[in-house]
Amino acid sequence: MRIAIVSGVSEGPTELNAFDNALYEAEIGDVNLIKVSSMLGANAKVEKLPKLKAGSMVNCVLSSLTSEKKGDELIACVAVAIGEELGCVVEANGSNRNPEEIKNEAIEMVKYMMDKRNVKIKELIVEEAHHTVKEIGSAIAAVIYITDDILE
């Protein structure tokens, strides 16, 4: 199994546009995202996001947060744990909180999921997006499941 981990932040004239702009910044703005639960296959490989075909149906785990309150501090986070038997992904987000708390929550959740399955973690990766809202802002972090049919 192949995955890419991406993040983006942006502003826009509406909440939808801010979210779309953050997706675009993360290089996943031209595809259709399908939110899936949080499981990875054995020995998942993390790679740089390849160029995706516009309009593709792309599976992902997505953390996103959008706000129109000026000054809000947005944090979107994904944590990925990879093991030999399987892997797990969690998302966490929050506003106006200590980013380390959100990151640690994500890490603890993914560790718990792996422990529950009695799978040893070989690799733990955390991706965070931070944004201070100017007008209407959005922050996203995502794990993209890469399959040959979505590649340009």
Side-chain angles (χ1 to χ4, degrees), residues 1-12 14-29 31-50 52 58-147 150:
M1 174 172 271
R2 299 160 46 208
I3 61 170
I5 305 168
V6 299
S7 61
V9 298
S10 195
E11 293 278 320
T14 69
E15 287 189 5
L16 177 65
N17 293 128
F19 173 67
D20 181 62
N21 289 342
L23 293 175
Y24 189 78
E25 182 182 277
E27 299 181 9
I28 55 174
V31 298
N32 296 294
L33 298 175
I34 303 166
K35 288 180 85 170
V36 297
S37 62
S38 50
M39 302 310 299
L40 300 174
N43 290 310
K45 302 285 185 231
V46 179
E47 55 187 63
K48 185 180 183 306
L49 182 70
L52 304 177
V58 178
N59 291 325
C60 73
V61 174
L62 177 68
S63 174
S64 67
L65 192 59
T66 303
S67 173
E68 53 185 37
K69 186 176 176 190
K70 291 178 188 175
D72 269 358
E73 296 288 335
L74 308 179
I75 302 102
C77 176
V78 289
V80 178
I82 298 172
E84 287 186 22
E85 298 88 357
L86 59 80
C88 295
V89 181
V90 300
E91 69 272 3
N93 60 56
S95 61
N96 304 317
R97 291 182 51 207
N98 181 335
E100 283 300 308
E101 286 178 14
I102 294 169
K103 177 181 175 181
N104 290 335
E105 284 174 9
I107 290 169
E108 290 307 312
M109 287 189 288
V110 82
K111 283 182 176 179
Y112 176 85
M113 289 173 71
M114 295 291 276
D115 286 345
K116 184 78 172 170
R117 291 165 173 79
N118 295 313
V119 177
K120 183 179 178 188
I121 297 172
K122 289 180 16 182
E123 187 175 7
L124 180 65
I125 304 161
V126 178
E127 177 82 12
E128 303 169 73
H130 302 253
H131 182 67
T132 303
V133 176
K134 295 172 188 67
E135 297 292 332
I136 301 174
S138 187
I140 69 102
V143 174
I144 304 301
Y145 292 68
I146 301 170
T147 56
I150 65 172

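Residue indices begin at 1 and follow the sequence shown. Scope of the values below: all heavy atoms of this structure, side chains included, with no hydrogens, waters or symmetry mates. Since the structure is predicted, the reported quantities are computational estimates derived from the model, not experimental observations.
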Provide the closest heavy-atom pair for Gly29 versus Asp20 in the form atom of the first, atom of the second, distance.
O-OD1, 4.1 Å
Check step by step if side chain to side chain contact (heavy atoms under 4.5 Å, CB included) holds for Ser64 and Phe19.
CA-CA 8 Å; Ser64 67; Phe19 173 67; 3.7 Å; yes
Just to verify, what does Ser63 make a side chain to side chain donor-acceptor pair (under 3.5 Å) with, not counting sequence neighbours?
none
Got a list of side-chain donor-acceptor pairs under 3.5 Å for residues 120-128, not counting sequence neighbours?
residue, atom, partner, partner atom, Å
Lys122, NZ, Asn43, OD1, 2.5
Glu127, OE2, Ser7, OG, 2.6
Glu128, OE1, His130, NE2, 3.3

Can you name the closest pair of heavy atoms from Ser10 and Ala22 and give their distance?
CB-N, 3.6 Å
Drop me the distance from Lys69's NZ to Leu74's CG, to the nearest 0.5 angstrom.
11.0 Å
Side-chain heavy atoms of Val80 within contact of Leu40, under 4.5 Å
yes
Shortest non-hydrogen contact between Ala26 and Ile140, atoms and distance:
CB-CD1, 3.7 Å
Do Arg2 and Thr147 make a side-chain contact, defined as non-hydrogen atoms from C-beta onward lying under 4.5 Å apart?
no
Return the minimal non-hydrogen interatomic distance between Thr132 and Gly71, and the atom names on each side.
CG2-O, 4.1 Å
Rounded to the nearest 0.5 Å, what separates atom NE2 in His131 from atom CD1 in Ile75?
11.5 Å
Check whether Glu85 reaches the backbone of Ala42 with its side chain - one donor and one acceptor, N or O, closer than 3.5 Å.
no
Determine whether Met39 and Cys88 make a side-chain contact, defined as any pair of heavy atoms from C-beta on separated by less than 4.5 Å.
yes
Rounded to the nearest 0.5 Å, what separation is found between the CG atom of Asn32 and the CG atom of Leu52?
11.5 Å
Given the rule in the side chain to side chain contact (heavy atoms under 4.5 Å, CB included) test, do Ile3 and Val89 qualify, once you have shown the distances and angles that lead to the verdict?
CA-CA 11 Å; Ile3 61 170; Val89 181; 5.7 Å; no
For Ala142, all residues meeting side-chain contact (heavy atoms from CB on, under 4.5 Å), sequence neighbours excluded
Val6, Ile28, Leu62, Ile144
Applied to residues 129-144, the salt bridge (Lys or Arg N to Asp or Glu O under 4.0 Å) test, sequence neighbours excluded, yields Lys70-Glu135
Give, for atom OG1 of Thr66 and atom CG of Asn93, the distance between the pair rounded to the nearest 0.5 Å.
9.5 Å
Throw together a table of side-chain donor-acceptor distances under 3.5 angstrom for residues 95-110, partners on residues two or more places apart or in other chains.
residue, atom, partner, partner atom, Å
Asn96, OD1, Glu73, N, 2.9
Asn96, ND2, Asp72, OD1, 2.9
Arg97, NH2, Glu105, OE2, 2.4
Asn98, OD1, Glu100, N, 2.8
Asn104, ND2, Glu100, O, 3.1

Residue pairs, two or more places apart or on separate chains, that pass side-chain hydrogen bond (donor to acceptor under 3.5 Å, both in side chains) and touch residues 109-118
none
Tightest non-hydrogen contact, residues Val61 and Ser38, listed as CG2-CA, 4.3 Å
How many angstroms lie between OG in Ser138 and CD in Glu11, if you round to the nearest 0.5 Å?
9.5 Å
Would you name the heavy atoms of Ala18 and Gly137 that are closest together and state the gap between them?
CB-C, 4.0 Å
So CE of Met114 and CD1 of Ile82: to nearest 0.5 Å the spacing works out to 8.5 Å
